[in-house]
Amino acid sequence: MLDGKKVLFSGMQATGNLTLGNYLGALKNWVTIADEYETFYSVVDMHSITVRQDPAELRKRARTLLTLYIAAGLDPEKNCIYYQSHVTGHAELAWILNCFTYMGELNRMTQFKDKAAKHADNINAGLFTYPVLMAADILLYQSDVVPVGIDQMQHLELTRDIAQRFNGVYGDVFTIPEAYIGKVGAKVMSLQDPAKKMSKSDENPNGSIYLMDDPDTIIRKFKRAVTDSEACVRYCEEQPGIKNLIDIYCACTGKTPAETEREFDGKGYGDFKMAVGESVVSVLKPLQDRFAELSRDKAYLDSVIKNNAEKAQYFSNKTLRKVQKKVGFPERIR
Ligand code: ATP
Ligand code: LTN
């Protein structure tokens, strides 16, 4: 609890261009539930360097991501939007939590296995302990809820285990966080392969809608989307391509799958794909306009970055000092 409100933490990596999956699975939910919580939304740039990055590019992407948080509708006066690397407590708590996490636990993480396979030439210790840094992010603010996509559930379970283990030894130090998974859009699939999740690191750009894609590109990608052979708009597991498109359509319009089936009853895939494309354009266009406007105001963004980092540093210090004391670090002399 902070100022009588429950605490919410979430973050995204500044790697690659954000996709519609990131938006519907994460960012959109962040905006929807923000008012109910005291929120911390971090650009987790420290997580990004677990795979090799071009420094100039990382800096640019981090700023783009932070701007997108605001463009998507998060008011930085009410939501603490900041860079992870600007707040010292993340790394400090991560070190301590490393000493409360088992190798066996980290070995089971599917994201580690996937990324290790993808970056076989650079399986560094940071990639392995990535989930511990994520646990530190969350526990540092005594977070109650963490809105994420389904793919992050395993990391969240680990965070809870680490927190419970620590509390078991030292008493109630950490709040045990709960995941918040949105009802729609929790797993947006690739437009080219509905068995794979839409991902910003996909080599095939036609599989993903990027938040910055212009309307023509969006419509073109939906026209080319892989569908099924039944030739009717029906929401079922046997038609994973159409099911994915219905999910996207519902997430963008607020309609239900049943309403969508009725709307397109007797119509072909062509009409439906066009409608899905248009619904996505109408969601992304205002976000893109706002992004362009914000990007022009350097002084404003800089002030957001500075003020919110200070706020995050202040709140995170409270937990960090408590933890340091519990584990037996000597008190600071003032
Ligand atoms: P990468 O491809 O680089 O691993 P990613 O696109 O999977 O990245 P992350 O940075 O890992 O994105 O995720 C940011 C947030 O977006 C997380 O909360 C994640 O659960 C959510 N997310 C990512 N992809 C999707 C998707 N296809 N559908 C729904 N949510 C998603
Ligand atoms: N691992 C997450 C990003 C992330 C995160 C967090 C999400 C880092 N720290 C804390 C929620 C809470 C990812 O890859 N999407």
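Whatever order the structure lists ligands and atoms in, that order sets their numbers, starting from 1. Keep in mind that this is a model prediction, so the values were computed, not measured.
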Colleague: Enumerate the pairs of nitrogen or oxygen atoms, one from ligand 2 and one from the protein, separated by less than 3.5 angstrom; state names and distance to 0.1 Å.
Modeller:
from: ligand 2; atom 1: 1 (N); to: Tyr130; atom 2: OH; distance (Å): 2.7
from: ligand 2; atom 1: 1 (N); to: Gln152; atom 2: OE1; distance (Å): 3.0
from: ligand 2; atom 1: 9 (N); to: Asp137; atom 2: OD2; distance (Å): 2.7
from: ligand 2; atom 1: 14 (O); to: Tyr130; atom 2: OH; distance (Å): 2.8
from: ligand 2; atom 1: 14 (O); to: Gln152; atom 2: NE2; distance (Å): 3.4

Colleague: Using a 3.5 Å cut-off and no angle test, enumerate the donor-acceptor pairs between side-chain atoms of residues 73-81 and protein atoms at least two apart in sequence or in another chain.
Modeller:
from: Asp75; atom 1: OD1; to: Glu77; atom 2: N; distance (Å): 2.8
from: Asn79; atom 1: OD1; to: Thr39; atom 2: OG1; distance (Å): 2.5
from: Asn79; atom 1: ND2; to: Asp75; atom 2: O; distance (Å): 2.9

Colleague: Decide whether an N or O pair under 3.5 Å exists between Pro147 and ligand 1.
Modeller: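 Between Pro147 and ligand 1, no N or O pair is found under 3.5 Å apart.
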Colleague: Would you say Ser199 has any N or O atom under 3.5 Å from an N or O of ligand 1, going by distance alone?
Modeller: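 Looking only at distances, the answer is yes, because the N/O contact criterion of under 3.5 Å is met.
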Colleague: With heavy atoms of Ala26 as the reference, note each atom of ligand 1 found under 4.0 Å away.
Modeller: 15 (C), 16 (O), 18 (O)
Colleague: For atom 19 (C) of ligand 1, which of the options Ile248, Val148, Asp151 provides the nearest non-hydrogen atom?
Modeller: Asp151
Colleague: Any heavy atom of Lys115 closer to ligand 1 than 4.0 angstrom?
Modeller: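 Yes, Lys115 has a heavy atom closer than 4.0 Å to ligand 1.
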Colleague: Looking at Ala135 and Ile162, what are the two nearest heavy atoms and their distance?
Modeller: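 Closest approach of Ala135 to Ile162: CB-CD1, 4.0 Å.
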Colleague: Could you work out, with side chain to side chain contact (heavy atoms under 4.5 Å, CB included) as the rule, every residue matching Thr319, not counting sequence neighbours?
Modeller: Gln142, Phe174, Val323
Colleague: Given Ser10, Gly21, Ala251, which has its nearest heavy atom closest to atom 30 (N) of ligand 1?
Modeller: Gly21
Colleague: Under a 4.0 Å threshold between the charged nitrogen and the carboxylate oxygen, would Asp161 count as salt-bridged to Arg165?
Modeller: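 Salt bridge flag = no for Asp161 with Arg165.
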Colleague: Give a yes or no on whether a salt bridge exists between Asp302 and Lys306, defined as a side-chain N under 4.0 angstrom from a carboxylate O.
Modeller: no
Colleague: Would you mind checking if Arg290 and Glu293 are paired as a salt bridge, meaning a charged N to carboxylate O distance below 4.0 Å?
Modeller: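 Salt bridge present between Glu293 and Arg290.
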Colleague: Could you tell me whether a side-chain N or O of Asp45 sits under 3.5 Å from a main-chain N or O of Ser85, the two making a donor and an acceptor?
Modeller: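 The answer is yes, because a donor-acceptor pair under 3.5 Å joins these two groups.
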Colleague: Using a 4.0 Å heavy-atom cut-off, which part of Met12 comes near ligand 1: side chain, backbone, both, or neither?
Modeller: side chain
Colleague: Closer than 4.0 Å to some heavy atom of Gly25 - which atoms of ligand 1 meet that?
Modeller: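 Listed by number with element: 29 (C), 30 (N).
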Colleague: Apply ring pair (Phe, Tyr, Trp, His ring centres under 6.0 Å) to Phe112 and list each qualifying residue two or more places apart in sequence or on a separate chain.
Modeller: Phe128
Colleague: With a 6.0 Å cut-off on the ring centroids, do Tyr37 and Tyr180 count as close?
Modeller: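 Ring-ring flag for Tyr37/Tyr180: false, centres at least 6.0 Å apart.
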Colleague: Please state which part of Ser201 comes within less than 4.0 Å of ligand 1, counting heavy atoms only: side chain, backbone, both or neither.
Modeller: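 Under 4.0 Å from ligand 1, Ser201 contributes backbone and side-chain atoms.
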Colleague: Which ligand 1 atoms, with their elements, are less than 4.0 angstrom from a heavy-atom of Lys187?
Modeller: 28 (N), 29 (C)
Colleague: Strictly distance-based, threshold 3.5 Å: is any side-chain N or O of Ser143 a donor or acceptor partner for the main-chain N or O of Ile138?
Modeller: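 Confirmed, Ser143 side chain pairs with Ile138 backbone.
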Colleague: Taking atom CZ as the centre, does Arg52 end up with more than 12 heavy-atom neighbours from other residues, nucleotides or ligands that are less than 6.0 angstrom away?
Modeller: no
Colleague: Who gets closest to atom 16 (O) of ligand 1 by heavy atom: Asp202, Asn22, Thr19, Leu18?
Modeller: Asn22
